[in-house]
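Have a look at the structure below before the remarks.
Both counts, for ligands and for their atoms, begin at 1 and track the order of listing.
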Amino acid sequence: MIRKILFSLLLIFFWAMPVYALDVQVPSEVGRGEPFWVDISSDDKPAGIKVAWMDREFAVPVDLPGEQRVLLGAGLDKTGEHELSLVFDLDGESLEKTFKISVKDKDYPEQHLSLPEEMVTPPQEVHDRIARDREQIRSALSTLTMDRYWEEDFKEPVPGDVSSPFGVQRFLNGQPRSAHQGVDFRGPEGTPVKAVTDGRVVLTGDFYYGGKTVILDHGQGIHSLYMHLSSIDVQEDVFVSQGEKVGEVGMTGRATGPHLHLGVYVLGDAVDPMYLLDR
Ligand SMILES: [Zn+2]
């Protein structure tokens, strides 16, 4: 009799143990400067999902049961082993899944440019301005909005060809400079520049290097940045839809000719936009 009761209790216990059909797919390695996807599939609806990657921790809105994707990336200077952690809140208990992702070195080409000397070595009187510009841009790119505005396929901002790809190691008048943090598209002055995906304008400004600039916050740590514009057509804090005009191609700031510099950032790190653009 006692054995029977114990057996029943045991059965009830196992019956009550929740079984979650939850699967997470991540790449085991990525190249530096590359974005990547985290694919989650689940039959349940967790109350919350927390993601920790590259010293940033953030919650993502739950779009389950079914399938959900999270966009992450590895900065150009982030080679090595990194841990990705996902914490699912399931009926009040948390289930953590951790992954080791190896960020591999990747060769990017060199580019040698000749520019007027004052643009290569900026005069002393603009050093403060450059430092202020950098801080403003860095701060805009580190905003972390929980909502997701981005769509999976980013649309190209201008129709032109790429004149300088992402990651290129630049030499200005023979001096090494930091790697190219975006993609340059050729385009005649005045070509409309369109938002790659939905987002909120977090910063507009006129900077020493970038010239007239727009930065969009696409939510969940994803940003896009548009530089060297001849004009800016949006104001800070407004929402823009994918394909909406944010400005026009120009050559303001440090530019040798009219082009659009497009940057895409994941948690403040520049990644190659070409992986995400639907071209
Ligand atoms: Zn550029």
*Out of the N/O/S atoms in H261, what is the name of the one closest to the Zn ion (ligand 1)?*
ND1
*the Zn ion (ligand 1) to H259: any N/O/S contact under 2.8 Å?*
no
_At less than 2.8 Å, would any N/O/S atom of H228, backbone or side chain, sit next to the Zn ion (ligand 1)?_
no
*Distance only, no hydrogens: is a donor on one side chain within 3.5 Å (strictly under) of an acceptor on the other, for Q169 and Y108?*
no
*Roughly, to 10 degrees, what angle do D184 atom OD1 and H180 atom NE2 form around the Zn ion (ligand 1)?*
100°
*With a distance cut-off below 6.0 Å to the six-membered ring centre and an angular limit of 45° from the axis, does R56 pair with W53 as a cation-pi contact?*
no
*Between H112 and F171, what is the ring plane arrangement, given parallel below 30°, perpendicular above 60°, and tilted in between?*
parallel
*Looking only at side chains, do Q25 and D23 share a donor and an acceptor under 3.5 Å apart?*
yes
